[in-house]
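Numbered from 1 within each chain, the chains take letters A, B, ... in sequence-line order. The analysis underlying the following values was restricted to heavy atoms, covering all of them including side chains, and did not include hydrogens, waters or symmetry mates.
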Amino acid sequence: MVLAHPELVPTADLDRDAMNRLQRVVAETAIVADEGVPATIDARVTVAGVDQAFSDEAVVSAAVALRAGEPIDRTVVRRPIVLPYIPGYLSFREAPASVDAVTGLSDRPDLLVVDGNGLLHPRGAGIATHVGVILDIPTVGVAKSLLCGRLDGPEPPYETGTRVPIVATDDMALPSGSTIGYAVQTRQWDTPDRHINPVYVSPGHRVSPETAVDHVLATVAGRKLPEPIRLADRAAGEAARSGLHR
DNA sequence: GCGACAG
DNA sequence: ATCTTGTCGC
């Protein structure tokens, strides 16, 4: 698997201005529309998930590819930790390992689900966007908490299947009021006393905000997170704990 | 200066 | 992300 934009891979030697400039280029290169993404997730479509776990000295990234809901391929890579976590700059810490993990898959996935945001980012260049542009693969971002933006609709709790727009605020480098993602209730208890939080879905590359939600709902398999991400999360976590993989 | 802040 | 047991509810 080749990199469409190797020059956009994050490096650890950049200062804040250089990081912002790189994210600006990534955002400009990203296609926020359905161009290349499968219209529906059927049995002929390969969907992959990628996620990272950390040990004291390394970032472990795992990518798992599924077809018809069943895992058909997986890769795990270890890379040294080069940066601390900085809100808004997650890709500089995790994208290099993510790209290596996805590149290790036998076949290029038709869609990649990333743990983190895409367009739903201060500069429209979250890790889902960054990884998607580098590989030129359709990507969607799924985050478990809200990084920025404002909910344009009712507050939780929601019923399963509910999608509420997240719009850009005026402090972001995106058109204020534009839809940058959705709060999506992928699963919910049927009891009035306890609830499950929604996930925050946004387009990464070559996907529209609406299709990003459709595809996440098509891959959740009754759980809170899409199955590709769950499996990648589990694979990375297991590898990070047991040092049996060097 | 204060509060917010993906993983 | 990670450190960690029990506990509430289906």
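At the heavy-atom level, A:Phe92 lies nowhere under 4.0 Å from the strands shown. Across all strands, A:Gly141 comes closer than 4.0 Å to no nucleic acid atom at all (heavy-atom distances). Among the heavy atoms of the strands lying under 4.0 Å from A:Ile127 is at least one base atom, whether or not backbone atoms are also near.
Of the residues in residues 184-209 of chain A, A:Thr191, A:Asp193 come within less than 4.0 Å of DNA chain C through at least one heavy atom, sorted by number.
Other residues, nucleotides and ligands place no more than 12 heavy atoms under 6.0 Å from the CG atom of A:Asp56. Residue A:Glu159 qualifies as open at atom CD: its count of foreign heavy atoms under 6.0 Å is 12 or below.
Once rounded to the nearest 0.5 Å, the distance linking OG1 of A:Thr160 with CD of A:Gln185 reads 6.0 Å. Distance CD1/A:Ile166 to CG/A:Leu147: 11.0 Å, rounded to 0.5 Å. In this structure, A:Asn197 CG and A:Gln188 CD are separated by 8.5 Å, a value rounded to the nearest 0.5 Å. Once rounded to the nearest 0.5 Å, the distance linking OG1 of A:Thr46 with CG of A:Leu112 reads 12.0 Å. Atom-to-atom distance recorded for A:Leu66:CG and A:Ile41:CD1 is 11.0 Å, nearest 0.5 angstrom.
Here the closest heavy-atom approach between residue A:Gly132 and residue A:His205 is recorded as O-CD2, 3.3 Å. Nearest heavy-atom pair, A:Val50 versus A:Gln52, reported as atom, atom and distance to 0.1 Å: CG2-OE1, 3.6 Å. Of all non-hydrogen atoms in A:Thr129 and A:Leu119, the two that sit nearest each other are OG1-N, 3.6 Å. Annotation for A:Thr75 and A:Leu105: closest pair CG2-N, 3.6 Å, computed over non-hydrogen atoms. Nearest heavy atoms, A:Val216 versus A:Pro226: CG1-CG, 3.9 Å.
For the residue pair A:Glu94/A:Tyr85, the side-chain donor-acceptor check at 3.5 Å is not satisfied.
Considering only residues two or more places apart in sequence or on other chains, A:Ser55 meets the side chain to side chain contact (heavy atoms under 4.5 Å, CB included) condition with A:Glu57, A:Ala58, A:Arg78.
We find that A:Asp214 and A:Arg163 are joined by a salt bridge, their nearest charged nitrogen and carboxylate oxygen being less than 4.0 Å apart.
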Nucleotide-level pairing of DNA chain C, given in dot-bracket where Watson-Crick and G-U pairs need both distances under 3.5 Å and | marks other strands: ..........

Structure string for DNA chain B in dot-bracket form, Watson-Crick and G-U at under 3.5 Å, | interchain: .......

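A 4.0 Å heavy-atom criterion places the boundary nucleotides of DNA chain B facing chain A at B:dC5 to B:dG7, written 5' to 3'.
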Any protein N or O atoms within reach of nucleotides 1-6 of chain C? Criterion: under 3.5 Å, listing atom names and distances.
| from | atom 1 | to | atom 2 | distance (Å) |
| --- | --- | --- | --- | --- |
| C:dA1 | OP2 | A:Lys144 | NZ | 3.3 |
| C:dT2 | OP1 | A:Phe54 | N | 3.4 |

